[in-house]
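The block underneath contains the structure these notes are about, expressed in structure tokens.
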Amino acid sequence: MTTCGEFLVKQLEAWGVDTVFGIPGVHTVELYRGLPHSGIRHITPRHEQGAGFMADGYARVSGKPGVCFIITGPGITNILTAMGQAYADSIPMLVISSVNERARLGLGKGYLHELPNQRAMTAGVTAFSHTLMSVEELPGVLARAFAVFEGERPRPVHIELPLDIITADASHMRLAARPRVERPAPNRTLIRDAAALLKNAQRPLLLLGGGCVAAQAEARALAASLDAPTALTINAKGLLPPNHPLLLGSNQSLLPVRQLALEADVVLAIGTELGETDYDVVFDGNFKLGGALIRVDIDAQQLQRNFAPHLAIQGDARLAMRMLLAELNPCEPRADSPGARRTAAVQAQLAEDFAGWGHYRQLFDTVLEVLPEARFVGDSTQTVYSGNHLVELDGARRWFNASTGYGTLGYGLPAAIGAKLAEPGRPVISLMGDGGLQFTLPELASAVEAGVGIIVLLWNNSGYGEIKRYMQRRDIEPLGVDIYTPDLLAIARGFGCAAERARDHAHLAELLRTAPSDRPLIIEVLEQAPFHP
Ligand SMILES: Cc1ncc(C[n+]2csc(CCOP(=O)(O)OP(=O)(O)O)c2C)c(N)n1
Ligand SMILES: [Mg+2]
């Protein structure tokens, strides 16, 4: 007999799932029966939050949904934070869990792992959450999940299998064909209207968000054809390469870019929420758009949030860019074009704003000199905040972190593990603070076990530095921020990792050059000279 749990594994494998993240429990063992002899690799984290963050990093890099196998109750409540981050950043994630038997749901009798209503817990951080009521439903529900991942704004999906379903006989089930899901193309008339507005623009501005990551070539062609200075959200970083004559970076919260946004006569915003953590990280409400706003988004509701559009175009970002490009004259970027000159003027002003950040620049230069192809997966710490402004890389999804959107600590280590599993050939730097690292520190053990050679660049200031400064700026006596900081290097060694403190930049470069390939290396950088004034 084939159980429903076994059938599910076969169906996932048939649809291209090659990795699942999970911690088994008595409720989910039936999912594991079919795994050892399948083509799916199982990665075991040390906490379900780690599973979710790994799946998130894996999804961003692979472009495929990150899949987790999670137990009823505590497994689900543990993974909710990671689902929240994935929800906020529109990341495809499939959380498969168990739940108590159908006849026992909602009874509150104290069954093992029982929650009053597990599905309601995940409803707020998913596109949908579904309780499987029969084996026969399974292919259709999975197809709906893939429709979310591939056909609309990606978001986590939760499917829970009651214990009497997960063990039920599925011998009669045949593998379903993979659903073909196309993202919707925008309306051609609206695209023509947008092109007409853009052709007449004197001072266009392009704002690109994470919805554009699959459209790198189109984004570059569009920026050039419009001769538009281009600002990227953190999730869109890399769509334009460093030193591109039209690249404004991710500095929408800084005055020079804000001035340019105010003066722009036509603004084209694609696949971006226009949300505060990318456009107003100083929280003063002063990011304003002066001209006509054209918005393109796959999510109709998103078109109406934050900034009311002059023209709202629902549809896939890449298709929209292609259709727009067909209406415009192709053009190569030129350093002396009007758009490039406006960009250069902003860059010159930004250089003044960044004058005090030479030490961060030197840190990133050192890393990129040794590992020019590196991917940076970050948490919420000084290196991440500064790098969000300073670092530009060639290629989407080479710089992402949890400092924007949901903004949860503990993301950067497990997400880096997931990213490395998705593309083992590319060096991965996990940018962590001492506080954030302690949220998901045991995932170092998972990384050692999985043979994952990531490099953790640990910025150590023995506390919640950012929050301490925030308290001080607001005249609040710092409390709860100068935390006891253990010997994180000794702990990392205890987990089986390599771990060293960098003495200076030359030593840092040497450590990066000799990093082991089969286990993590933790490089501690103290927030003091020579790394910090
Ligand atoms: C889950 C969670 N809890 C609390 C916070 C609030 N918070 C944001 S940054 C920060 C400090 C993090 O300290 P550390 O990782 O050492 O970075 P540092 O600011 O010292 O560079 C805190 C506590 C958060 N973002 N997420
Ligand atoms: Mg700190």
Side-chain angles (χ1 to χ4, degrees), residues 45 47-54 56-57 77-89 124-125 234 253 275-278 281-283 356-357 359-360 363-364 367 376-391 400-416 429-444 456-474 476-489 491-492 499 501-502 522-529 531-533:
H47 187 287
E48 285 83 359
Q49 191 177 114
F53 288 146
M54 286 182 201
D56 174 308
T77 44
N78 280 348
I79 200 176
L80 281 177
T81 298
M83 294 170 79
Q85 185 72 41
Y87 187 89
D89 283 346
V125 285
I234 303 306
S253 298
E276 74 173 1
T277 55
D278 278 289
V281 77
V282 289
F283 309 119
W357 285 7
H359 53 288
Y360 289 122
L363 185 72
F364 288 116
V367 176
F376 295 80
V377 182
D379 213 61
S380 268
T381 183
Q382 309 309 310
T383 48
V384 172
Y385 307 137
S386 56
N388 280 347
H389 293 284
L390 294 176
V391 175
F400 57 86
N401 55 67
S403 72
T404 56
Y406 199 53
T408 179
L409 289 173
Y411 172 87
L413 170 64
I429 311 283
S430 166
L431 297 174
M432 301 299 298
D434 54 287
L437 184 60
Q438 290 181 70
F439 274 65
T440 45
L441 188 59
E443 300 310 347
L444 286 176
V456 178
L457 197 62
L458 166 61
W459 184 263
N460 196 345
N461 54 14
S462 297
Y464 300 137
E466 184 65 16
I467 308 305
K468 182 174 181 175
R469 269 187 287 275
Y470 198 72
M471 287 175 163
Q472 286 167 332
R473 275 202 301 274
R474 296 173 70 106
I476 296 168
E477 191 179 333
L479 179 67
V481 287
D482 288 313
I483 55 170
Y484 164 71
T485 303
D487 183 344
L488 291 165
L489 293 182
I491 293 174
R501 174 177 299 165
I522 288 72
I523 305 178
E524 183 182 45
V525 167
L526 296 183
E527 189 179 277
Q528 62 185 48
F531 294 103
H532 197 259

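For ligands, and for the atoms within them, numbers begin at 1 and follow the listed sequence. Given the structure is predicted, the values throughout are model-derived calculations rather than measurements.
- Thr404 contributes no side-chain N or O that, together with a main-chain N or O of Thr277, makes up a donor-acceptor pair within less than 3.5 Å.
- In this structure a side-chain-to-backbone donor-acceptor pair under 3.5 Å is present from Asp379 to Gly412.
- Annotation: side-chain contact (heavy atoms from CB on, under 4.5 Å) contacts of Leu479 (sequence neighbours excluded): none.
- A donor-acceptor contact shorter than 3.5 Å is absent between the side chain of Glu524 and the backbone of Ala499.
- Counting only distance, with no hydrogens or angles, the side chain of Thr440 and the backbone of Gly410 share a donor-acceptor pair below 3.5 Å.
- Here the straight-line distance linking atom CZ of Phe364 with atom CH2 of Trp357 works out to 10.0 Å at 0.5 Å rounding.
- Asp89 meets the side-chain contact (heavy atoms from CB on, under 4.5 Å) test with Arg60, Gln85, Ile91, Asn235; sequence neighbours excluded.
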Evaluate the ring pair (Phe, Tyr, Trp, His ring centres under 6.0 Å) criterion for residues Trp459 and Tyr360: first the C-alpha distance (whole Å), next the side-chain angles of each, then the deciding distance (0.1 Å), finally the verdict.
CA-CA 11 Å; Trp459 184 263; Tyr360 289 122; 5.5 Å; yes

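- For a distance threshold of 2.8 Å, the protein N, O or S atoms nearer than that to the Mg ion (ligand 2), listed by chain and number, are Asp434 OD1, Asn461 OD1, Gly463 O.
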Give every pair formed by an N or O atom of ligand 1 and a protein N or O atom closer than 3.5 Å, one pair per line with both atom names and the distance to 0.1 Å, or write none.
{"residue": "ligand 1", "atom": "15 (O)", "partner": "Gly435", "partner atom": "N", "Å": "3.4"}
{"residue": "ligand 1", "atom": "15 (O)", "partner": "Gly436", "partner atom": "N", "Å": "2.7"}
{"residue": "ligand 1", "atom": "16 (O)", "partner": "Asp434", "partner atom": "N", "Å": "3.3"}
{"residue": "ligand 1", "atom": "16 (O)", "partner": "Asp434", "partner atom": "OD1", "Å": "3.1"}
{"residue": "ligand 1", "atom": "16 (O)", "partner": "Gly435", "partner atom": "N", "Å": "2.7"}
{"residue": "ligand 1", "atom": "16 (O)", "partner": "Gly463", "partner atom": "O", "Å": "3.0"}
{"residue": "ligand 1", "atom": "17 (O)", "partner": "Thr381", "partner atom": "OG1", "Å": "3.3"}
{"residue": "ligand 1", "atom": "19 (O)", "partner": "Gln382", "partner atom": "NE2", "Å": "3.1"}
{"residue": "ligand 1", "atom": "19 (O)", "partner": "Gly465", "partner atom": "N", "Å": "3.4"}
{"residue": "ligand 1", "atom": "19 (O)", "partner": "Glu466", "partner atom": "N", "Å": "2.9"}
{"residue": "ligand 1", "atom": "20 (O)", "partner": "Asn461", "partner atom": "OD1", "Å": "2.9"}
{"residue": "ligand 1", "atom": "20 (O)", "partner": "Asn461", "partner atom": "ND2", "Å": "2.9"}
{"residue": "ligand 1", "atom": "20 (O)", "partner": "Gly463", "partner atom": "O", "Å": "2.8"}
{"residue": "ligand 1", "atom": "20 (O)", "partner": "Gly465", "partner atom": "N", "Å": "2.8"}
{"residue": "ligand 1", "atom": "21 (O)", "partner": "Thr381", "partner atom": "OG1", "Å": "2.6"}
{"residue": "ligand 1", "atom": "21 (O)", "partner": "Gln382", "partner atom": "N", "Å": "3.4"}
{"residue": "ligand 1", "atom": "21 (O)", "partner": "Gln382", "partner atom": "NE2", "Å": "3.0"}
{"residue": "ligand 1", "atom": "25 (N)", "partner": "Gly407", "partner atom": "O", "Å": "3.0"}
{"residue": "ligand 1", "atom": "26 (N)", "partner": "Leu409", "partner atom": "N", "Å": "3.2"}

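- Using modelled atom types, one finds a donor on one side chain and an acceptor on the other under 3.5 Å when comparing Ser403 with Asn388.
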